[in-house]
Protein chains: 2
Amino acid sequence: MTDSATEAADGKRDRLIASAVELVYRDGVERPTLVQIAEAADVPPGNVYYYFRTKDELIQAVIESRAAQVTDLLGTLDRRRTPAARLKALARNWLEFRDMVAAQGCPLGTLSVELNDHGEDLGRQSEKLFAPLIDWSEDQFREMGCRNAREQALTLISTVQGAALLSCVFSDTEILASQVHRLERWIDSLA
Amino acid sequence: MTDSATEAADGKRDRLIASAVELVYRDGVERPTLVQIAEAADVPPGNVYYYFRTKDELIQAVIESRAAQVTDLLGTLDRRRTPAARLKALARNWLEFRDMVAAQGCPLGTLSVELNDHGEDLGRQSEKLFAPLIDWSEDQFREMGCRNAREQALTLISTVQGAALLSCVFSDTEILASQVHRLERWIDSLA
DNA sequence: GTCTATAAGATGATAGAC
DNA sequence: GTCTATCATCTTATAGAC
């Protein structure tokens, strides 16, 4: 897909995406300017428009980068033996980044909220962040023999997202920790 | 507190806050310009600065307006006889506005996320939105004789917030509905 | 006390240089 | 193909008119 002959070999495009991902996570979609993003990526200011036609197109790349992270995570979790172990490992993933979550929120949740404020184009893209997560969880619950696997999956992700939000609001990692632990016990009770 | 002799009798200030609350809910904190807010409030554009020193001060008024809504809601719920009825009525409150939540998210949750992107000043104000809600819920759970009332309260609000987020992401009121109903059954099981 | 014309600065985007 | 000087626009904020 990526033709190294026509792509910049020095990866400026990738650096722009990386710094956009970072700045959008810290400051939201609206606040970071293209100049700030370019500076953080060590790319000349006006140069951004060679790699992206509009700012929205750069944001689109940020969304895809986050979606790819989700895919990677699920791929890693699939190596675990039992569905219960996979689900618990998923929940614990947020715990692993508890400090980050308490400081800036869940990268998926906050991005979704901000995208919803935008026009039709980007607004619906947030589905791409959560659908794989929920579908994957549903598969695990079903493999565990759960009747309403879909609702269980939504319960899991809802709670994690809500806990991440409150954890950030109160800058308190314990809120996230206690909810994740409760979810682990709940998953065990279903196994 | 409000001196009608020095305040504009035609309520322009209140109209500005009202339209700011609306626009911030729809488009976030950053996107709406003072001109848009003024137009929506039927107030001359540059006139905003007579009522508010800066845009942040207007946003501050938006936060206080939302916080007042929370206080009002809790006051209404207090009229119910049992703590379980009060808690269930709280959860059902989000259900009442399910269409709004599915379209734009929870007014409290989305505002909190956006405030977190701002500087120190406004960033921490989101506590004022959720602390009363959680403290009040904790009181109800304790009155029900629950041991860890604090964690129960956090479970309740976390789940509602997460469900509101996913409900908005997928524009699906059913996600919110099924989670609220599950919470109602849970509260009943504790009573 | 109430409001408006205007400034000062920044932002996304483009035309065209190298 | 890669990059930069510059534009048109918009946004917050203010000085000062009524």
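By convention in this document, chain letters (A, B, ...) are assigned in the order of the sequence lines, proteins followed by strands, and residues within each chain are numbered from 1. We use all heavy atoms of the structure for the numbers below, so side chains are in, but hydrogens, waters and symmetry mates are not.
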Please enumerate all protein N or O atoms sitting under 3.5 Å from an N or O of nucleotides 16-18 of chain C, with distances to 0.1 Å.
none

Protein-nucleic acid N or O pairs under 3.5 Å, nucleotides 9-13 of chain C:
unit_1 : atom_1 : unit_2  : atom_2 : d
C:dG12 : OP1    : A:Lys55 : NZ     : 3.2
C:dG12 : OP2    : A:Leu34 : N      : 3.1
C:dA13 : OP2    : A:Tyr49 : OH     : 2.8
C:dA13 : OP2    : A:Lys55 : N      : 3.0
C:dA13 : O5'    : A:Tyr49 : OH     : 3.4

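Counting to the nearest Å, the P atom of C:dT4 and the CG atom of B:Asn47 are 6 Å from each other. Whole-Å rounding puts the B:Tyr50 OH to C:dT2 P distance at 3 Å. Across the protein-nucleic acid pair, B:Arg13 atom CZ and C:dG1 atom C1' stand 15 Å apart, rounded to whole Å.
Residue-environment remark: CZ (B:Arg124) stays at or below the threshold of 12 foreign heavy atoms within 6.0 Å.
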Less than 3.5 Å apart, which donor and acceptor atoms pair up between the side chains of residues 19-29 of chain A and the rest of the protein, not counting sequence neighbours?
unit_1  : atom_1 : unit_2   : atom_2 : d
A:Ser19 : OG     : A:Leu16  : O      : 3.4
A:Ser19 : OG     : A:Ile37  : O      : 2.9
A:Tyr25 : OH     : A:Met100 : O      : 3.2
A:Tyr25 : OH     : A:Gly105 : O      : 2.6

Which pairs would a plain distance check flag for residues 162-172 of chain A, meaning a side-chain donor or acceptor within less than 3.5 Å of a matching protein atom at least two apart in sequence or in another chain?
unit_1   : atom_1 : unit_2   : atom_2 : d
A:Ser167 : OG     : A:Asp172 : O      : 2.8
A:Asp172 : OD1    : A:Glu174 : N      : 2.8

Listing, residues 58-74 of chain B side-chain donor-acceptor contacts under 3.5 Å, not counting sequence neighbours, or none:
unit_1  : atom_1 : unit_2   : atom_2 : d
B:Gln60 : NE2    : B:Glu64  : OE2    : 2.9
B:Gln60 : NE2    : B:Gln125 : OE1    : 3.1
B:Arg66 : NH1    : B:Gln69  : OE1    : 3.2
B:Thr71 : OG1    : B:Ala67  : O      : 3.1

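Residues satisfying the side chain to side chain contact (heavy atoms under 4.5 Å, CB included) test with A:Asp99, not counting sequence neighbours, are A:Thr173. With sequence neighbours excluded, the residues that form a side chain to side chain contact (heavy atoms under 4.5 Å, CB included) with B:Glu39 are B:Val35. A:Arg80 meets the side chain to side chain donor-acceptor pair (under 3.5 Å) test with no other residue; sequence neighbours excluded.
Sorted by first then second residue, the ring pair (Phe, Tyr, Trp, His ring centres under 6.0 Å) pairs that include residues 135-159 of chain B, not counting sequence neighbours, are B:Phe141-B:Trp186.
Applying the 4.0 Å criterion to OP1 and OP2 of D:dT2, one finds that A:Tyr51 has every side-chain N and O outside that range. Phosphate proximity of D:dC3 to A:Lys12: present, with a side-chain N or O under 4.0 Å from OP1 or OP2.
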